[in-house]
Amino acid sequence: MTGDSKLWREFTQYEERAVELWYEFLKLSDPIFWSGDVAHNFGDLSGSFEEWWPSHKHLFRELKKNSIDEVLTESDFEFFSSFRPSPEDPGCMVFGMWMDRTKGELRLAFEDLLTKFHKGNLGRQKFHSVGDYYSFEFRPDIRMLNKILAVYKTYSTDQKNPKKDRMPLWKIEEVVSKSTPLILKAGDKAEYLWTRTDKPLKELEILRKKSQHKTVRKYINYAEEILKNVVIGKFPVYNVSKSKKT
């Protein structure tokens with residue numbers, strides 16, 4: 001366990017993109033609402049993620065955790081001992097194992113240790129939440145978050161225009177969908193509203209615009225909830241079952 005680079009797990013492409021989305025949403029928020037820790041740790045977000053990431057990836061790094069590690073040095077012993085279990089963290093236990101015992105004896109002894117120290121259903125979580133400083137509240141849905149971000153960026157930019165020049169929400173759907181499709185409008189998996197021909201075209205256009213409006217409003221609601229939480233270091237937090245008035 002010697003050498004700092006050996007202690008930390010490499011980020012996956014998925015994890016790095018998820019952190020980038022965290023960065024982008026925080027960048028959209030008002031710094032006046034940032035918690036002290038977020039302001040101190042995330043710092044200046046005026047540049048690109050690629051510029052920010054190398055000097056801030058330590059915020060999200062996670063220790064490599066093998067099932068069992070061999071303790072070879074005094075520093076190894078001190079390192080593992082520092083993670084002794086607590087009520088908040090399952091932690092790590094350090095044991096000595098006498099190799100003059102039979103494998104059967106050792107297996108029974110290990111089972112006794114598991115019974116004593118490994119309570120309940122502890123174990124590896126279903127996904128890597130990443131950082132030891134900052135970690136994801138829930139498994140990030142990259143596709144969903146990309147849509148939410150694209151909608152909110154377009155919407156928030158449009159809100160800076162005079163009220164008379166702002167786009168209706170159905171129009172925002174059309175603009176965003178040029179690069180990030182929000183509604184399946186063609187093909188075998190297209191939504192029925194976009195393929196049906198049983199009503200006059202003008203009536204269908206009204207129904208489709210209502211659908212577009214509802215879709216964009218949903219993503220705006222999600223974004224607003226994400227922004228409320230990202231400023232206090234929680235991401236991604238949005239309730240996909242929440243219903244708000246449009």
Q) Aromatic rings F11 and W53: how do their planes relate, parallel, tilted or perpendicular, breaks at 30° and 60°? A) perpendicular

Q: Take the angle between the ring planes of F60 and Y134 and call it parallel below 30°, perpendicular above 60°, tilted in between.
A: tilted

Q: Step by step, work out the salt bridge (Lys or Arg N to Asp or Glu O under 4.0 Å) result for R17 and E20.
A: CA-CA 5 Å; R17 175 54 185 161; E20 183 177 5; 3.2 Å; yes

Same cluster (ILVMFWY, side-chain, under 4.5 Å), [X] and [Y]:
| X | Y | result |
| --- | --- | --- |
| M167 | W170 | no |
| L59 | L45 | yes |
| W34 | I232 | yes |
| M144 | L184 | no |
| I32 | F42 | yes |

Could you tell me whether the side chain of [Y] reaches within less than 4.5 Å of the side chain of [X], counting heavy atoms only?
| X | Y | value |
| --- | --- | --- |
| I226 | L149 | no |
| H213 | K209 | no |
| E105 | W98 | no |
| W22 | F136 | yes |
| L21 | N146 | yes |

Q: Give a yes or no on this: more than 12 heavy atoms of other residues, nucleotides or ligands lie within 6.0 Å of atom CD of E50.
A: yes

Q: Answer yes or no: does atom CZ of R196 have more than 12 heavy-atom neighbours from other residues, nucleotides or ligands under 6.0 Å?
A: yes

Q: Apply the test side-chain contact (heavy atoms from CB on, under 4.5 Å) to residues R208 and K185: give CA-CA distance (whole Å), side-chain angles for both, the deciding distance (0.1 Å), then the verdict.
A: CA-CA 10 Å; R208 288 168 181 171; K185 302 174 183 176; over 6 Å; no

Rounded to the nearest 0.5 Å, what separation is found between the [atom1] atom of [X] and the [atom2] atom of [Y]?
| X | Y | atom1 | atom2 | value |
| --- | --- | --- | --- | --- |
| I220 | I148 | CD1 | CD1 | 11.5 Å |
| S211 | I183 | OG | CD1 | 4.0 Å |
| D198 | E203 | CG | CD | 8.5 Å |
| I142 | Q13 | CD1 | CD | 10.0 Å |
| Q212 | W194 | CD | CH2 | 3.5 Å |
| L26 | N229 | CG | CG | 12.0 Å |

Q) Do the side chain of Y14 and the main chain of P140 share a donor and acceptor less than 3.5 angstrom apart? A) yes

Q: Using a strict 4.0 Å threshold on nitrogen-to-oxygen distance, state whether E174 and K171 make a salt bridge.
A: yes

If you compare all heavy atoms of [X] against all heavy atoms of [Y], which two are closest, and at what distance to 0.1 Å?
| X | Y | result |
| --- | --- | --- |
| Y152 | A223 | CD1-CB, 3.4 Å |
| T73 | S75 | OG1-OG, 2.9 Å |
| W52 | V19 | CZ3-CG1, 4.5 Å |
| K153 | S156 | O-OG, 3.2 Å |
| L182 | S177 | N-OG, 3.2 Å |
| H56 | N41 | CD2-O, 3.1 Å |

Q: Evaluate side-chain contact (heavy atoms from CB on, under 4.5 Å) for K147 paired with R143, printing each intermediate quantity in order.
A: CA-CA 6 Å; K147 291 178 181 180; R143 286 185 61 192; 4.3 Å; yes

Q: Take L227 and F33 through the test side-chain contact (heavy atoms from CB on, under 4.5 Å) and record every step on the way to the result.
A: CA-CA 10 Å; L227 292 174; F33 296 113; over 6 Å; no

Q) Do S46 and D44 have side-chain N/O donor and acceptor atoms under 3.5 Å apart? A) yes

Q: Kindly determine whether Y155 and Y219 satisfy ring pair (Phe, Tyr, Trp, His ring centres under 6.0 Å), including the steps that lead there.
A: CA-CA 10 Å; Y155 169 75; Y219 288 127; over 10 Å; no

